[in-house]
Undergrad: 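Just passing along the structure, written as structure tokens.
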Amino acid sequence: STFFNLLVDKDYGRAYEYISSKDKSRGNLEDFSCEFKDVTDIVSINIKWVEVKNNIAVVGMDFTDSYDGEEKVFKDIEVSLIKEEYGDWKIVFWNL
């Protein structure tokens, strides 16, 4: 959840360190930051469930964002993580 806290803080440089090697080969920090240029302010992230199968984990969450002072909740967003060598869990960011 550190990754998501960094997104809330708009600290994309540090958040980029948490994405998978495969993702890093697809896009650099600038590409990653650009993904968020149209994103409104993320207010909060509520992780609801985690399902782990071998070296893949899927996290289900709701997140609240704010745009022009209006809050909107996005429910049941799913994010995948992959266990890389050394046992580090990394975010699968670009599902291409």
Side-chain angles (χ1 to χ4, degrees):
S1 70
T2 306
F3 175 76
F4 301 107
N5 293 334
L6 290 168
L7 293 185
V8 171
D9 294 340
K10 295 187 165 64
D11 189 345
Y12 303 130
R14 284 181 54 211
Y16 183 74
E17 294 307 309
Y18 287 88
I19 68 171
S20 73
S21 310
K22 202 169 173 185
D23 281 311
K24 286 180 180 167
S25 69
R26 288 187 180 142
N28 61 21
L29 174 56
E30 198 176 323
D31 299 322
F32 179 73
S33 301
C34 282
E35 292 283 334
F36 298 100
K37 68 177 188 299
D38 298 327
V39 169
T40 51
D41 289 327
I42 299 172
V43 176
S44 66
I45 291 169
N46 175 25
I47 294 175
K48 296 170 74 179
W49 53 266
V50 178
E51 189 177 289
V52 180
K53 281 187 187 158
N54 301 325
N55 64 342
I56 293 180
V58 180
V59 179
M61 64 183 75
D62 295 344
F63 81 84
T64 306
D65 80 353
S66 170
Y67 184 73
D68 280 348
E70 234 175 89
E71 288 193 0
K72 184 174 178 188
V73 179
F74 294 86
K75 289 195 169 294
D76 302 317
I77 307 293
E78 289 187 9
V79 176
S80 299
L81 291 90
I82 190 161
K83 190 186 269 191
E84 297 196 334
E85 53 184 346
Y86 313 119
D88 292 337
W89 286 97
K90 298 287 186 174
I91 305 280
V92 177
F93 187 73
W94 285 294
N95 291 320
L96 297 175

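Note that the numbering runs from 1 along the sequence shown for the chain.
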Undergrad: Roughly how far apart are F3 CZ and I19 CD1, rounded to 0.5 Å?
TA: 7.0 Å
Undergrad: Could you pull out the closest heavy-atom pair between V52 and A57, with the gap in Å?
TA: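 What the structure gives for the nearest pair is CG2-CB, 4.0 Å.
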Undergrad: Which residue pairs pass the ring pair (Phe, Tyr, Trp, His ring centres under 6.0 Å) test when at least one of the two sits in residues 41-60, sequence neighbours left out?
TA: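 Every candidate ring pair (Phe, Tyr, Trp, His ring centres under 6.0 Å) pair involving residues 41-60 fails, so no pair, neighbours aside, qualifies.
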Undergrad: Tell me, do M61 and V79 make a side-chain contact under 4.5 Å, heavy atoms counted?
TA: yes
Undergrad: Just verifying a value: how many Å separate L29 CG and Y12 OH, rounded to the nearest 0.5 Å?
TA: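 So the CG of L29 and the OH of Y12 are separated by 11.0 Å.
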Undergrad: Just jot down the salt bridge (charged side-chain N to carboxylate O under 4.0 Å, His left out) partners of D41, sequence neighbours excluded, or say none.
TA: K10
Undergrad: Could you go step by step and tell me if L81 and V59 meet the side-chain contact (heavy atoms from CB on, under 4.5 Å) rule?
TA: CA-CA 8 Å; L81 291 90; V59 179; 3.4 Å; yes
Undergrad: Can you name the salt bridge (charged side-chain N to carboxylate O under 4.0 Å, His left out) partners of E17, sequence neighbours left out?
TA: K24
Undergrad: How many angstroms lie between OG in S80 and NZ in K53, if you round to the nearest 0.5 Å?
TA: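 Output value for this atom pair is 11.0 Å.
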Undergrad: Please round to the nearest 0.5 Å and tell me the distance separating atom OG1 of T2 and atom CG of D11.
TA: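 T2 OG1 to D11 CG: 11.5 Å, rounded to 0.5 Å.
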Undergrad: Is the closest side-chain heavy-atom distance between V73 and F63 below 4.5 Å?
TA: no
Undergrad: Any chance you could lay out the side-chain contact (heavy atoms from CB on, under 4.5 Å) test for K90 and D88, step after step, and finish with the verdict?
TA: CA-CA 6 Å; K90 298 287 186 174; D88 292 337; 4.1 Å; yes
Undergrad: Would you indicate whether the side-chain heavy atoms of I45 and V8 approach each other to under 4.5 Å?
TA: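 Yes; the side chains approach each other to less than 4.5 Å.
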Undergrad: State whether the side chain of R26 and the backbone N or O of W94 hold a donor-acceptor pair below 3.5 Å, judged by distance alone.
TA: yes
Undergrad: Is the shortest side-chain N to carboxylate O distance from K72 to E70 below 4.0 Å?
TA: no
Undergrad: Evaluate the criterion side chain to side chain donor-acceptor pair (under 3.5 Å) for residue pair E84 and W89; output intermediate values, then yes/no.
TA: CA-CA 6 Å; E84 297 196 334; W89 286 97; over 6 Å; no
Undergrad: Go through K83 and I56 one step at a time and tell me if the side-chain contact (heavy atoms from CB on, under 4.5 Å) criterion holds.
TA: CA-CA 6 Å; K83 190 186 269 191; I56 293 180; over 6 Å; no
Undergrad: Salt bridge (charged side-chain N to carboxylate O under 4.0 Å, His left out) with E85: which residues, sequence neighbours excluded?
TA: none
Undergrad: Test of understanding: with salt bridge (charged side-chain N to carboxylate O under 4.0 Å, His left out), list the residues that count as partners of K48, not counting sequence neighbours.
TA: D62, D76
Undergrad: What do the steps show when you test S20 against D23 for side chain to side chain donor-acceptor pair (under 3.5 Å), and what is the final call?
TA: CA-CA 5 Å; S20 73; D23 281 311; 2.9 Å; yes
Undergrad: List in chain and number order the residues that pass ring-ring contact (aromatic ring centres under 6.0 Å, His included) with F32, two or more places apart in sequence or in another chain; answer none if no residue qualifies.
TA: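 Residues passing ring-ring contact (aromatic ring centres under 6.0 Å, His included) with F32: Y16, F36, F93.
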